[in-house]
Each structure stands twice: as structure tokens, then as C-alpha cells.
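Everything on this sheet refers to the single structure shown next.
For clarity, every value in this text was computed on a predicted model and none was experimentally measured. Throughout, residue positions are numbered sequentially from 1 according to the sequence presented.
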Amino acid sequence: MSPILPTPGKTTPNRSGSEQTMTRLGDQLIELGIATPQQVQKALEIQRREGPAKRRFGEILSTDLGCNRDAVFRTIARIYGFPEVDLSQIKKDDLYTYIRDFFEKVSEETKQKFLINHIIPYKFPNNSNDIITFITEDVTDPSLNLLLFQLKLSRYELAYASLQEITQILDEVEKPQNEFLALIEEYTSEVASIPQEEETGPDEIELDLDTNSSLLINLVEGCLVEAVRKGASDIHILPRGQNRTDFLFRIDGKLRLWHTQEGFKPETISAVIKDRTRNVDRFVWDASQDGFIQRQIDGAVIRFRVSIMPIVAQDFRRKFESIVIRVLDDRKVITDLSKLGFHKQAKEAFVKAITRPQGMVILTGPTGSGKSTTLLAALYQVLTPEKNVLTIEDPVEYMIRDARQIRLSHTLDFEGAIRGILRHDPDIVMVGEMRDKITAEIAIKLANTGHLTFSTLHTNDAPSAVSRLYKMGVEPFLIATAMNIVVAQRLLRTLCPHCKRPSKLIDDQVARALGFNDQEIKNTIFYEAVGCELCNQGYKGRAAIHEALYFSRTIRKFIINSKTDINEDELRDLAVSEGMLTLRASGRERIKEGITTIEEVVATTMED
């Protein structure tokens, strides 16, 4: 089968990015059911406001408005008459060899542009000798033609493939070079180890910085770049000794050592990080500090939230600090609910809850369970130009287009902001977290007075969120009337598709303890983690499991009738009888789908 799939195309129309062209394109996307008229109209408004040179039509539809990315760009390619490449039909060895040979013939700057913009060069055997096919996701990107023009090729053609396929191939061929880490290797051979001092004070730290600033700045900057490229959610910088500091990345929920820097005082490394962080003081060593860093990496603006805490050292005279940096990459924001992994019942209940004109939607779970991701996806489903959307978050993590995100400061605290929001004519409100009775009561008041309200709580499951609000002092009838849904969420590590294999030995008792019956055990293929060069000990990526407690009339009545306490077990049993999957039951479904293991579900969930 030919790897290039023919598509119904006409003569390539004008691709100037004009609004008239985008309107015709939008009409065709509407006809095909890929976008709604509202989404197309909003995309045109955003592009008109920000300029087509900065934001392309397909990018806005997929990133901002929740349209299926592959469907949008595949359809754009077909409408403009470009072919689609089935990369699975090309021999990988031939493809990798050609890409590497091509990169050797061009400059390093050009090669990096190909890697950053996700472009694959390939010469198909059935093409004439002088035609190269450049495979990309967005064939209408004007910068692509400019890049190829600079190569002075006599003939070439463009073809479409999905971004995921292209990224996987380029990652296996060669990742973009981390120029900061390359400079570290040059400096390392020239810098001697720092002798230990009897005491570390400002003078010694300043001397270290003066002597070794170039190396340490490159180390910190290289760490930021590498964390983004490896998909880390957090960076941990931790002193381990007199002159030793560990750098760890949290990838797929697990901390992994990335680099150990020896020969430098941990205080010196902390000082370099502080110098490159806004809103922190380098000369403060005995207080908690929070700041942020912003960098442009691989063509995207990435924000880093920095948390600094003083910690105890074996030598009490040392000023050690633990630093944790959260990586905030807007490219990872999910705007399509179908990509969150809701099972059928949970998705139906969630969509029903967020499309109501008022009421409260609560996400619950521990830190790092994906609550913010789900909240953002929900917000993007209900955002329209006709709605006044206000958010109160401390701190703000992701920028939400068309929402007014309130900035907190020493003169406007969380409680003051949530009180003020009542007078700011909101339609939709997101309260980052209900921290206490005051916050909870105001949020519930918003939900009961005609506003759709989103918020989070830190509880183990959905029924305990209801109990937690009650114990905060919120009356049961207010809880019952305000709530639309409570969703508890966890993230499971998913098996690497390249190396996972069916498990030969399954402990039936463990499976039964997880909730499997004998028939399910017999009919389910259980997989185990193996491990290969493409994954982390058999796992690659994560998927969510959900416990969606929808507030039906029966559930509301049960809560109103609760007098001295809300019985969580009875509430859970009632919700399960109405179709709710518990977290563990949702985990069992993931096992049946073959995407995770029994061990991972047991480690992530509690008994029902």
C-alpha cells in the first residue's frame, strides 16, 4: 500500500490567511461536523484580535476551542489539496537514515528549525529524483515555505501527518540540542572543585558566583530546557552534602534523578536560581519564598513556578534550601473533554453538570491528580464571548483565554477577592480551592444565585467532599441545592505500548480484592510492565480515572435529610446504585482496556 494517501483536492487556493479564506475554510469544517458555527466565529474573532501572523486558524480551533486537533489539520490539508502520509507504511530504518543524512547536509540552525517546527524530510522511491516530500502537521504555515525557500530546492512537495506521529519519529532520530548543557561540558574541564569552607556566608557565596557564574547559569537554564523536553511536571533541586546538589525530574508522577552537581556549594546554586527568579530575594535564607521564571523554549513560552523552602543541614551554619519548580506548559492544556478519559457514565454526568446555567462543579483529589487540567477543559467547553468568566487562583498556573484572572497581592488576598467577585457581575466563576468555611460559603452562594461555579477540594473521594463541606459548617440544604457534581480524580501510569506484554502469572486473590469477579478474571487479558529504551520501567504517560457523583434528586434528598452527620458509606452506595463508578471500579476498567496494571491500580486507589 502506498504510504501517501490520495485526497480529493482542487488547485491550491490562496493561503494568505485572509479572513475571507478562513471564513470559507470554517464553513467547510462546519459542514463536516468538525467545528460548530460558534467555534468558527470565535476563532475568527481571536485571529482578528491577535493577528493571523501570530495565531493560525487551525491552531486556535484546536488549542483554544477544543476541536479535535488531528481532524482539523487533516481536513485543512485535504481542503487545500495536499496528500496525507501514512508514516506506518514507511520502513523506519529507511526513514531514519534519510532524515539523518538530510540533517547532515544542512546547517545546524536549519536542522534545529526542522526539529522545533516538527518537519520530516523524505524522498519517496516512486518520486522523481529531485522531489523531496516535507511532512508536517500544518501545511498552511507560511513560515514553512519560507524555511524551504531558503534551502534553494528545485522541487519539493508538502504532505500531512499527525503531530503525534511526527514527534515520535523526530524524538527517535534526534531531539533538539540543549545548547546550555553543551556549554556546561566545555566549562566543566576548566573549573576546579570548590574547597570546603568552615562557614558559608555571603562573601563566600559571592566569590563562588563570581568564579563560576557561567557554568552554573548554563546548568540552571539547561535544566529548565531539559525538563520541558522530557515532559517533567516538576524540578526538584536538593542539597545532598557540603558540595553536592541533586537535580530531579518528576516524570509520570515519579521522581527521577536527572543530574548531580558536585564541587559547588548548594547555597551558590540556590543563589543562581534566585537571581533568575522574579519576586524572590537572593539574600533571604530563612523564609519560604515563591516566584516565577518565564522562558521561550522550542518556540513556545513556558512559565515556571518556583517554591523555595529553608531546610536543615547537618552543619547548622550552612544555609541549605529545597527548591521545587513547577513546569507550566500551555501546550499541554487539554481543551477537549474527550481526551480526559472519562468513562461513558462519568462523561455524560460531567457534561450535564457543566452545561447547566448555575450550580457548583467540584474536583477533588490530592496534589498532582490532574484537577486543574480537568477544570480547564471544563471551562473551555463553556467559555463564550457572551459570558463574563472570572477566576481566583493562588497562584495562577495557566493563562485562560477570554477569562479575567484576578491577580492577588498583599492588598488583595484570596478572601477579599472572592468577596469582591460577587459585585463584578460574573456568569462563570472558578475558585481555585475552597480553603475554609468563608470561602466555601461564598462559593456556594455564587452557585445558588445563578452562577456556574468551579472549584477544588482536597479529599480522598467524592462522598467525602460532601462530608468535608458539612464539617466546615455549610448547611446540608445549601450543599444539596448548590451542587451539580463532585468528581474525584487520580492519575494512573499507563503501560508502554512498545514493550508491554500479557502477564503469565496473575494472583486471583489480588484480582478479587480489587473487585474482579471470576468471569472477569477469566475474560480479561492482564498486562505487566516490562521496560525498554522508550519508557520508564515499563510505563509511559498517565491516564485519569474518575469517580463522578452527580447530584440527582435522590442524592439531594438524601443530603437534605442528613441531620447530625452525612454518612459517606451510605451516600457512596446510593450513588453506585445510580451508576457511579468508584475510583477503584474506574481503575478496573483501565485494566480491562489493557492500558495499566493491577499493581498500579492497587497503589493509586483505596478500597471501595
Side-chain angles (χ1 to χ4, degrees), residues 180 200-202 205-206 208-210 213 216-228 232-239 245 247-250 264-297 300-311 318-333 367-368 371-372 376 390-401 403-418 420-421 430-433 435 439 456:
F180 298 105
T200 296
I205 294 171
E206 291 298 323
D208 282 358
L209 285 172
D210 290 342
S213 60
L216 295 179
I217 287 171
N218 283 315
L219 173 62
V220 172
E221 294 293 339
C223 175
L224 299 178
V225 172
E226 203 68 7
V228 171
S233 61
D234 300 90
I235 305 166
H236 289 239
I237 297 105
L238 188 62
T245 303
F247 290 72
L248 302 99
F249 289 166
R250 186 177 294 280
F264 298 94
K265 293 182 180 70
E267 293 94 335
T268 309
I269 294 176
S270 295
V272 171
I273 295 170
K274 289 177 179 180
D275 276 347
R276 312 190 75 72
T277 304
R278 295 187 183 183
N279 295 345
V280 304
D281 188 339
R282 187 217 288 184
F283 299 100
V284 173
W285 300 92
D286 56 356
S288 171
Q289 297 191 78
D290 294 299
F292 67 94
I293 300 171
Q294 184 168 295
R295 293 289 183 271
Q296 184 153 348
I297 299 174
V301 175
I302 309 295
R303 295 184 305 281
F304 301 88
R305 194 182 75 206
V306 183
S307 172
I308 304 172
M309 295 284 285
I311 60 174
R318 302 299 294 267
K319 299 176 177 63
F320 282 3
E321 293 175 298
S322 170
I323 300 176
V324 176
I325 303 174
R326 169 65 57 89
V327 182
L328 302 173
D329 188 345
D330 287 331
R331 295 173 299 179
K332 293 184 177 180
V333 173
T367 300
K371 301 187 297 296
S372 296
L376 285 175
L390 298 172
T391 76
I392 308 172
E393 309 156 83
D394 186 20
V396 173
E397 292 193 342
Y398 294 99
M399 302 304 296
I400 305 172
R401 296 188 182 279
R404 306 178 199 184
Q405 295 175 268
I406 296 173
R407 177 184 294 176
L408 302 180
S409 65
H410 66 281
T411 55
L412 180 63
D413 60 13
F414 198 89
E415 182 182 333
I418 197 171
I421 212 170
M430 185 176 82
V431 179
E433 180 184 350
R435 305 177 175 186
T439 307
T456 66

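Under the side-chain contact (heavy atoms from CB on, under 4.5 Å) criterion, Arg404 pairs with Asn388, Leu390, His424, sequence neighbours left out. For Phe249, the ring pair (Phe, Tyr, Trp, His ring centres under 6.0 Å) partners two or more places apart in sequence, or in a different chain, are Trp258. Applying the salt bridge (Lys or Arg N to Asp or Glu O under 4.0 Å) rule to Asp330 yields the partners Arg303; only residues at least two apart in sequence or on another chain are considered. Legend: residues meeting salt bridge (Lys or Arg N to Asp or Glu O under 4.0 Å) with Glu221, ordered by chain and number and at least two apart, are Arg276, Arg295. Partners of Ser288 under the side-chain hydrogen bond (donor to acceptor under 3.5 Å, both in side chains) rule, at least two apart in sequence or in another chain, do not exist in this structure. A search for side-chain contact (heavy atoms from CB on, under 4.5 Å) contacts involving Ser233 returns Arg250, not counting sequence neighbours. With sequence neighbours excluded, no residue forms a side-chain hydrogen bond (donor to acceptor under 3.5 Å, both in side chains) with Thr245. For the side-chain contact (heavy atoms from CB on, under 4.5 Å) test, residues two or more places apart in sequence or in another chain that qualify with Glu433 are Arg435, Thr456, His458. Under the rule for a side-chain contact (heavy atoms from CB on, under 4.5 Å), the partners of Phe292 that lie at least two apart in sequence or sit in another chain are Arg278, Asn279.
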Item to complete: Could you go through the side chain to side chain contact (heavy atoms under 4.5 Å, CB included) check for Lys274 and Glu321 one step at a time?
Response: CA-CA 11 Å; Lys274 289 177 179 180; Glu321 293 175 298; 2.9 Å; yes

How far apart are the C-alpha atoms of Ile325 and Arg305, what are their side-chain angles, what is the distance that settles it, and do they pass the side chain to side chain contact (heavy atoms under 4.5 Å, CB included) test?
CA-CA 5 Å; Ile325 303 174; Arg305 194 182 75 206; over 6 Å; no

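For the side chain to side chain contact (heavy atoms under 4.5 Å, CB included) criterion with Phe247, the lone passing option out of Ile323, Leu219, Leu238 is Leu219. With Ile406 as reference, Leu412 is the one residue of Leu412, Val396, Thr391 to meet the side chain to side chain contact (heavy atoms under 4.5 Å, CB included) rule. With Ile293 as reference, Val306 is the one residue of Val220, Val306, Leu328 to meet the side chain to side chain contact (heavy atoms under 4.5 Å, CB included) rule.
Here the side chains of Ile418 and Val431 are in contact, with some heavy-atom distance below 4.5 Å. Annotation: side chain of Val280 is not in contact with side chain of Asp290 (no heavy-atom distance under 4.5 Å).
The shortest non-hydrogen separation linking Pro310 to Asp286 is CG-C, 3.9 Å.
Rounding to the nearest 0.5 Å gives a distance of 7.0 Å between CE of Met430 and OG of Ser372.
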